[in-house]
Amino acid sequence: MDLLKDLNSQQQHAVTAPPGPILVLAGPGSGKTRVLTHRIAYLIQQFGARPEEMIAVTFTNKAAREMSSRLRDLLGGLEAGAAGVSLGTFHALCARILRREADRLPVTRDFAIFDDADQQSLVRQALKELNLDPRQNPVGSIQAAISSAKNELILPTEYGASTYFAEVVRRVYAVYQNHLTANNAVDFDDLLLWAVRLLREHDDLREKYRRRYPHILVDEFQDTNTAQYVLLRLLAGEQPDLFVVGDPDQSIYGWRGADYRNVKRFQEDHPKSQIILLEQNYRSTQTILDAAMAVIDRHPARQKKRLFTDRGSGPRIVFHEAYDETDEARFVIETISLLTLEGSANPGDCAVMYRANAQSRPLEEAFLKANLPYRLVGAQRFYGRREVKDVIAYLRLIQNPADQVSLLRVLNTPARGLGEKSVEALLRVAAEAMLSPGEWLVRLARQSDLGPAQAGAFTGKAMAALSAFGRMLEPWTARRDETPLVDLIDQILAGTAYQAWIDDGTEEGAERWANVMELRGVAQEYSELGLAMFLEHVALVSDQDTLTDAQNAPTLLTLHAAKGLEFPVVIIVGLDEGVLPHQRSIESAEELAEERRLFYVGITRAKDQLFLVRAFRRRLFGASAMSEPSRFLYDLPSDLLEGDIVGSQTREQAVYARQTRWEDKPLTLSPSFQVGMRVQHPAFGEGIVLSSRIDHDDEEITIAFEGVGVKRLAASLAPLRVLEG
DNA sequence: TTCATGCGGATTTTT
DNA sequence: TCCGCATGAA
C-alpha cells in the first residue's frame, strides 16, 4: 500500500525524513496524529524497523488509544506488528519500567501509585509530625511545591529554602518522601523522577533501554516538563531517531510544569535536527483560522506558522455582549436552539467553553430550566468520588498491605468505632513491631495470641474492632491471586456492608451505589488481567477518558479540557477581563501569554462556526461587578466579526481601552529596531543597528557606535533614541 | 462519631 | 456566594 498517497507535501516531508532528531511543528487540525502513525508505519516498511524497537509517547490515554487504533487501521495485515509498539503515556511507560527494575528501587514491584489526594494525605501527616499548622501552610500549596520540585528533578536534599514557606516545603518534602517509601508507594511525579534516576545512575540500564528502543516518537512535545525532557534525552542517546511533534502555540499547561521552551531546547540540543512545519488545516474555515492567527501572532518570539485551509472562508464570527452571566447562558441556549432549528447543526455538534469550572453553573441552570440535555466534562471526577476511592483503597490495601494511606482511609469506613486514638495506638504498636500497620493487622488475625504489651495499647472495644478488621482483611490478602477480581470486590462490599453505609435511601445515596457498581463493571473488564493491572489502570486514567459521545447534546467544558477536541460549533463564553485572561494571570507576562494561547486553543476547536460571548456585568464571589471586554477581543480584525465589541461603551472609551490594552507588554514585542536604523545613546553617541532579535521578553539589539565599537544592548534598559529609520 | 459552626479562599488539572 | 476545612460541642 502507498503510505504517502493521502498526505500533503509537508506531511510527506515529515513522514519520510531520514531517521534522526526531527521536530514537527504542527498547527491545530494539521493532522499530527496522522503524521505520527504514518511515520511509524514508514519506519517499519522503509527502514525495516521492528515495532518492538519503537516507543511512542502521548500525554493522555485517550491519545494513546487513538493512535493505537489508527495504527492498526494503517498497518492492516501487520496487526501483530502494530501491537508491538510500546505506546502509552509518559507515566504509564515509566510505571512499566519501574516495575520491571524494581530491584533497584526502594519499593517492591507491587508499589502503589499515589494520586493528588493521597499525596495531600501524606503531606497532612508530615505537617502533623513536624508540628506545623496546616492552616498557615496550606496542604495543597505544599503538595504543589513538592510536585514542581520533582518535575524539575530536585530531590529533598537539594531543595533550596530561601523563604519561610520554602523551608517548610523542604522539611515536609523530606518526611513525605520517606513516608512514600514506607507506604511502598510512588506518586505521579515519582514515576518520571525514578525513571530518570534509574537511567542516570545505572549505566547498564541506560544501555539496555537505548538498545531496546532505538526509535522514539513523542506527541504534544510542547507539554513536556523538565523530567520528561531529560528522560527523553536519556533514552535517546547520542544518535537518536527522535521524532517529536508539538505546537508551542498550544502550550497551556505551563502552570503544571510543562515548558514549551523544551522545543527550543530540542533544537539547541540537536543542532542537526530537521524542523518541519505543518500548516495546512483540515478542520476550520479560513475565517476561524484568521481569527486564531490574529490572536496568536501577538505572541512574539515564536516560530510563525501561517495556517491555511481549502475549506473556504465560511460565516463570520459572532460576537455578543450579554447583560450578565444569566443572560449569557440564555444567549447560549438560544443560539444552539436556533442553529438546531434552522438545521445547520445538531445539539451534539455544539460545545460551550469557558475558562473556569465555576462558569458552568449558570449554563447548567439555563439548560435545566430550558429542559435541554447537556454533557458536562470534568468537574466531579469519577475516580475522585468518595465511594469509588473507598473501594479502590480496599483493593490497594490488599495488593499492597504497606499502603498506609489506603489503610487509614478504609480502617473506619464504614464506621467501626476506630477513631483517632485507636489509629494512633495502631501506628505506634505496628512501628514497635517493625511492621506496617496493614501487615500488623494481618498478623493479628493469623495469631490469636498477642503480646501483653500490645493488648494493653487498646481499649477492649477498639481491640475487638481491629481484630475483626484484620480477620476480614487476612483472607483477602492471602488469596488475592486466586480470587477473581470481581469476586474480591463483591467480598469487600459484602464484608463491609458497604451498600448500607453509602446508600441512605436518598437520590445521592442511590447514585453513590451506582458509581460503585460502575467501578465493578470496569473491574469485570479486567478479570483476565487481574488486580495489579486494574489498579494500574485506575491510577493512570483520567476522566477525559470517560467522555462518551453517545447522546446528542451540547458539551460544556473548560478551555483546557477542549484541547485536542473539535466541534462544528464552538461558543466561548466569559470573554471578559479577569475571566479570560484570568485575574490571577494578568500580572505576569508569561501567564498572560498562556491565557492568550488558551483562547487560541479554544478558537481553533471550531470547525464551522464560532461564537464569542461576554457579559457586561458579572457576579464574582458574590458581588456583582461591571466587567470590561477581554483584551484579546481587540486583536480580532473587525471584518471577521459580526457584532461590535465596543458594545455599550462609547467610542472614546473603546479607543482608550484599545490603547491601554495594546500592552501584554514585554511579550507583545515585535522588534522595534530595524537593521540600518540610526540611533542615539547618551553614553555611546550615534550608531547603526546591526541586528535585532527578540529574546524571551526583551529585544536584544546589536549596534555599531561610531568610535566606540559594537555593543549589544537590551532595548528595555538602554536609553536609545531613534534618529532615522 | 457525628453534627454545627466559622473562617478563608476562590484557575486551569493530560497522569 | 458558596464550598471545604478545622475545630468544638453533644
Side-chain angles (χ1 to χ4, degrees), chain A residues 57-64 88-95 113-120 124 127-128 133-136 138-141 143-144 147 150-151 186-192 219-220 222-225 227-228 250-258 325 353-362 377-381 383-384 412-422 461 465 536-545 547 557-565 574 578-586 591 594-595 597-599 601-602 618-624:
Chain A
V57 199
T58 62
F59 273 81
T60 64
N61 295 296
K62 199 175 155 204
T89 64
F90 269 106
H91 290 83
L93 293 167
C94 287
I113 298 171
F114 277 11
D115 67 10
D116 276 26
D118 304 320
Q119 291 175 43
Q120 295 206 6
R124 216 166 269 134
L127 281 176
K128 209 168 176 182
D133 183 3
R135 285 183 100 93
Q136 260 137 44
V139 173
S141 315
Q143 186 254 314
S147 177
K150 289 185 171 188
N151 288 160
V186 305
D187 63 23
F188 276 142
D189 308 306
D190 274 346
L191 292 171
L192 304 168
D219 190 15
E220 303 278 17
Q222 78 282 355
D223 285 337
T224 49
N225 61 33
Q228 288 159 339
Q250 294 185 63
S251 158
I252 54 173
Y253 284 101
W255 50 278
R256 286 194 94 243
E325 64 273 334
M353 301 177 186
Y354 37 80
R355 173 66 237 260
N357 279 309
Q359 289 171 262
S360 74
R361 210 160 117 176
V377 179
Q380 181 52 309
R381 338 158 69 62
Y383 288 104
N412 202 33
T413 312
R416 42 179 83 87
L418 292 167
E420 201 184 338
K421 284 277 180 312
S422 315
K461 205 175 107 217
E536 185 96 345
H537 169 77
V538 299
L540 297 180
V541 287
S542 80
D543 304 298
Q544 303 282 309
D545 298 320
L547 177 75
L557 76 180
T558 62
L559 288 161
H560 282 90
K563 193 170 132 195
L565 306 177
V579 179
L580 181 67
H582 195 274
Q583 192 61 44
R584 286 248 186 153
S585 309
I586 282 175
E591 288 176 39
E594 187 154 306
E595 299 286 305
R597 295 192 294 266
L598 192 53
F599 184 38
V601 166
R618 191 173 282 282
R619 189 169 275 279
L620 253 185
F621 307 147
S624 179

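The structure displayed is predicted, hence computed values, not measured ones. Letters go in sequence order (proteins before strands), and every chain restarts at 1. Side chains included, hydrogens not; waters and symmetry mates left out as well; all remaining heavy atoms used.
- If A:Asp223 and A:Gly417 are placed on DNA chain B by their nearest nucleotide, the residue sitting closer to the 5' end is A:Gly417.
- To the nearest angstrom, P of B:dT11 lies 12 Å from CD of A:Glu595.
- One atom, CG of A:Asp115, and another, P of B:dT14, lie 12 Å apart when rounded to the nearest Å.
- Under a 3.5 Å cut-off, the side chain of A:Asn412 and the backbone N or O of A:Leu418 do form a donor-acceptor pair.
- Heavy atoms of A:Arg416 sit nowhere under 4.0 angstrom from any nucleic acid atom.
- Residue A:Ala258 has its side chain nearest to B:dT14 when only B:dT13, C:dC3, B:dT14 are considered.
- Outside the 6.0 Å centre-distance limit, the rings of A:Phe114 and A:Phe188 are not counted as a close aromatic pair.
- Comparing the same atom, C1', in C:dC3 and in B:dT14 gives a spacing of 26 Å after rounding to whole Å.
- Note on A:Arg355: every side-chain N or O is 4.0 Å or more away from OP1 and OP2 of B:dT13.
- Rounded to a whole Å, the CD atom of A:Glu220 is 13 Å from the P atom of B:dT14.
- Of the possible polar contacts, none joining the A:Glu591 side chain to the A:Ile586 backbone as a donor-acceptor pair under 3.5 Å is found.
- Stacking of A:His560 onto the six-membered ring of B:dT12 is not present when judged by under 5.5 angstrom between centres and under 30° between planes.
- Phosphate contact (OP1/OP2 of B:dT11, side-chain N/O of A:Asn357, threshold under 4.0 Å): absent.
- Taking every side-chain heavy atom of A:Arg361 into account, C:dC3 is the closest of B:dT11, B:dT14, C:dC3.
- Within the nucleic acid shown, A:Leu557 has no heavy atom closer than 4.0 Å to any nucleic acid atom.
- Expressed to the nearest 0.5 Å, how far CD of A:Gln359 lies from CZ of A:Arg618 amounts to 6.0 Å.
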Candidate pair A:Glu220 and A:Lys563, rule salt bridge (Lys or Arg N to Asp or Glu O under 4.0 Å), full reasoning: CA-CA 11 Å; A:Glu220 303 278 17; A:Lys563 193 170 132 195; 3.7 Å; yes

Go through the steps for A:Arg355 and A:Glu595 under the test side-chain contact (heavy atoms from CB on, under 4.5 Å), then give the verdict. CA-CA 9 Å; A:Arg355 173 66 237 260; A:Glu595 299 286 305; 2.5 Å; yes

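- Screening A:Asp223, A:Thr224, A:Thr58, A:Leu191 for a side-chain contact (heavy atoms from CB on, under 4.5 Å) involving A:Phe90 leaves a single residue, A:Thr224.
- Remark: P of C:dG4 and CZ of A:Arg124 are 13 Å apart, rounded to the nearest angstrom.
- The distance between atom CZ of A:Arg256 and atom P of B:dT12, rounded to the nearest whole Å, is 13 Å.
- The CD atom of A:Gln359 sits 19 Å away from the P atom of C:dT1 (whole-angstrom rounding).
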For a side-chain contact (heavy atoms from CB on, under 4.5 Å) check, start with the C-alpha distance between A:Thr558 and A:Tyr354, then their side-chain angles and the critical distance, and finish with the verdict. CA-CA 5 Å; A:Thr558 62; A:Tyr354 37 80; 3.8 Å; yes

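- Base-pairing analysis of DNA chain B finds the following stems of at least three consecutive Watson-Crick or G-U pairs, with both pairing distances under 3.5 Å: B:1-10 with C:1-10.
- Proximity note for A:Lys563 (side chain, C-beta onward) versus B:dT14, C:dT1, B:dT12: the nearest is B:dT14.
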Stepwise side-chain contact (heavy atoms from CB on, under 4.5 Å) test for A:Leu580 and A:Leu559: CA-CA 10 Å; A:Leu580 181 67; A:Leu559 288 161; 3.9 Å; yes

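- One can place CG of A:Asp189 at 14 Å from P of B:dT14, the figure rounded to the nearest angstrom.
- Where A:Glu594 and A:His91 meet DNA chain B, the nucleotide closest to each residue was compared, and A:Glu594 sits on the side nearer the 5' end.
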Heavy-atom contacts, protein to nucleotides 2-10 of chain B, under 4.0 Å, summarised as B (base), S (sugar-phosphate only) or - (none) per nt, yield S-------B

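- Side-chain nitrogen and oxygen atoms of A:Ser585 include none within less than 4.0 Å of the OP1 or OP2 phosphate oxygen of B:dT11.
- Using a 4.5 Å heavy-atom threshold, the side chains of A:Ile113 and A:Leu540 count as touching.
- B:dT11 has no stacking from A:Trp255 on its base ring, since the centres under 5.5 angstrom apart and planes within 30 degrees of parallel are not both found.
- For A:Asn151 and B:dT14, the CG to P distance is 15 Å, given to the nearest whole Å.
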Check the pair A:Arg597, A:Gln250 against side-chain contact (heavy atoms from CB on, under 4.5 Å), reporting the backbone distance first and the verdict last. CA-CA 6 Å; A:Arg597 295 192 294 266; A:Gln250 294 185 63; over 6 Å; no

